[in-house]
2 protein chains.
Amino acid sequence: MSEKFPVCPVETTLQLIGDKWKVLIIRDLLDGTRRFGELKKSVGDISQKVLTTNLRAMEENGLVTRKVYAEVPPRVEYTLTETGYSLKSVLDALVHWGTEYKSRK
Amino acid sequence: MSEKFPVCPVETTLQLIGDKWKVLIIRDLLDGTRRFGELKKSVGDISQKVLTTNLRAMEENGLVTRKVYAEVPPRVEYTLTETGYSLKSVLDALVHWGTEYKSRK
DNA sequence: CACAATGGTATCCTTAAGGTAACTACGGCA
DNA sequence: TGCCGTAGTTACCTTAAGGATACCATTGTG
């Protein structure tokens, strides 16, 4: 049944992507599937530990899927789920606002 | 002249409202001017110290204006600037996504 | 055999964020 | 006189987040 989320939908969203790192991960995954190492490079100054922690949480929340290939060395790919991809509208808003803000300076 | 912001507009936005509390403050100020005490109640479980800190930062970044009335006891009102109000589009996206997410559960 | 590459986990330590409580100014009021 | 309420500031302490480092499994290659 429905898990308990805050009444305010803003708080619900913050609960899922209120973390700076998660937003940046989604930004990069919106362009398509990425390997762990690729994300580590593209997200920016993120440590392996933090990246792993965030990806696990996002998987838990149904925002990304994790696919492990039985190769050596191992290959792990992360892809946005449909729900995760639907965050594109939020990211678009962030991009738009950030661009506007900078241009006003 | 232009201060230095990250190249990525998403990071610029996060730099300004990447904090959970700031988002909630903006959510409440979108309905109109609020007194300090009103915000403290409506934002949720926020301490006076953290609320003050965030409001100061947002004032610094030109998102809110602070107006002090020379009364006793003192009255201080916070209002979104035009720039701050323009975050409505971002908040709308957060509301919309959060609502959708909850309904999928 | 030793090592490289990838995607982790485990441990320890430091730093930053936030909580709590005490204190301030001010004038009104009983 | 002493207390009330608002909107703070300050000091101190606790907790959580994150950094750094070491370690692991696997297998093809030199």
Side-chain angles (χ1 to χ4, degrees), chain A residues 6 10-11 13-29 31-61 63-81 84, chain B residues 6 10-11 13-29 32-61 63-80 84:
Chain A
V10 172
E11 291 183 40
T13 306
L14 286 177
Q15 200 169 290
L16 292 162
I17 56 160
D19 189 296
K20 163 195 173 182
W21 297 121
K22 293 195 179 76
V23 176
L24 297 179
I25 290 167
I26 292 161
R27 174 196 63 183
D28 292 344
L29 286 181
D31 290 332
T33 297
R34 290 285 181 274
R35 295 184 57 167
F36 182 85
E38 289 176 319
L39 278 177
K40 185 151 164 24
K41 285 193 195 78
S42 69
V43 165
D45 200 20
I46 190 173
S47 71
Q48 193 165 27
K49 175 183 164 185
V50 174
L51 181 53
T52 303
T53 305
N54 279 284
L55 285 170
R56 290 284 184 283
M58 292 165 74
E59 199 189 352
E60 190 82 11
N61 291 322
L63 300 181
V64 302
T65 52
R66 178 171 181 267
K67 185 165 185 185
V68 183
Y69 292 84
E71 304 173 357
V72 170
R75 181 160 58 105
V76 181
E77 288 183 350
Y78 291 92
T79 309
L80 288 177
T81 61
Chain B
V10 172
E11 292 183 41
T13 306
L14 287 176
Q15 201 168 291
L16 292 161
I17 56 159
D19 189 295
K20 163 195 173 182
W21 297 121
K22 294 195 179 76
V23 176
L24 297 178
I25 291 168
I26 291 161
R27 173 196 65 182
D28 293 344
L29 286 182
T33 297
R34 291 285 180 273
R35 294 185 58 168
F36 182 85
E38 291 177 317
L39 279 176
K40 185 152 163 25
K41 286 194 194 77
S42 67
V43 165
D45 199 20
I46 190 171
S47 70
Q48 192 165 30
K49 174 183 161 184
V50 173
L51 181 53
T52 304
T53 305
N54 278 283
L55 285 169
R56 289 285 184 284
M58 293 166 75
E59 200 189 352
E60 190 83 12
N61 291 322
L63 300 181
V64 303
T65 52
R66 178 173 180 266
K67 185 165 184 185
V68 184
Y69 292 84
E71 302 172 358
V72 169
R75 181 160 58 105
V76 181
E77 289 183 349
Y78 291 91
T79 310
L80 288 177

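To find a chain, count down the sequence lines: A is the first, B the second, and so on, and within it residues start at 1.
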Residue set satisfying side-chain contact (heavy atoms from CB on, under 4.5 Å) with V23(A), at least two apart, ordered chain then number -> L91(A), L94(A), V10(B), L14(B)

In whole angstrom, what separates K40(A)'s NZ from dT6(C)'s P?
12 Å

Pull out every protein N or O sitting under 3.5 Å from an N or O of nucleotides 10-18 of chain C, one pair per line with the distance.
residue	atom	partner	partner atom	Å
dG18(C)	N7	K49(B)	NZ	3.4

Polar atom pairs (N or O), protein with nucleotides 3-7 of chain D, under 3.5 Å:
residue	atom	partner	partner atom	Å
dT6(D)	O3'	R35(B)	NH2	3.1
dT6(D)	O3'	P74(B)	O	3.0
dA7(D)	OP1	R35(B)	NE	3.1
dA7(D)	OP1	R35(B)	NH2	3.1
dA7(D)	OP1	V76(B)	N	3.4
dA7(D)	OP2	G37(B)	N	3.1

Between P74(A) and R35(A), which heavy-atom pair has the shortest distance, and what is it?
O-NH2, 3.6 Å

Go through the structure and list residues passing side-chain contact (heavy atoms from CB on, under 4.5 Å) with D28(A), not counting sequence neighbours.
L39(A), S42(A), V43(A)

With sequence neighbours excluded, what pairs up with R34(B) under the salt bridge (charged side-chain N to carboxylate O under 4.0 Å, His left out) test?
none

L51(B) CG to dG8(D) P: how many Å, rounded?
8 Å

Nearest-Å distance for atom pair CD1/P, residues I46(B) and dG8(D)
13 Å

Tell me: OH of Y69(B) to C1' of dC26(C), nearest whole Å?
18 Å

Using the C1' atoms of the five pairs at each end, what is the angle between the end axes of the helix from dC1(C)-dG30(D) to dA30(C)-dT1(D), to 10°?
40°

Listed partners of V72(B) passing side-chain contact (heavy atoms from CB on, under 4.5 Å), at least two apart:
none

Across all chains, not counting sequence neighbours, the side-chain hydrogen bond (donor to acceptor under 3.5 Å, both in side chains) partners of K22(B) are N54(B)

Once side-chain hydrogen bond (donor to acceptor under 3.5 Å, both in side chains) is applied, do any residues pair with D19(A), and if so which ones, sequence neighbours excluded?
none

Partners of R56(B) by salt bridge (charged side-chain N to carboxylate O under 4.0 Å, His left out), sequence neighbours excluded?
none

Taken in chain and number order and not counting sequence neighbours, the residues that satisfy side-chain contact (heavy atoms from CB on, under 4.5 Å) with K49(B) are S47(B), T53(B)

Residue pairs involving residues 66-77 of chain B (criterion side chain to side chain donor-acceptor pair (under 3.5 Å); sequence neighbours excluded):
R66(B)-Y78(B), Y69(B)-E77(B), E71(B)-R75(B), R75(B)-E77(B)

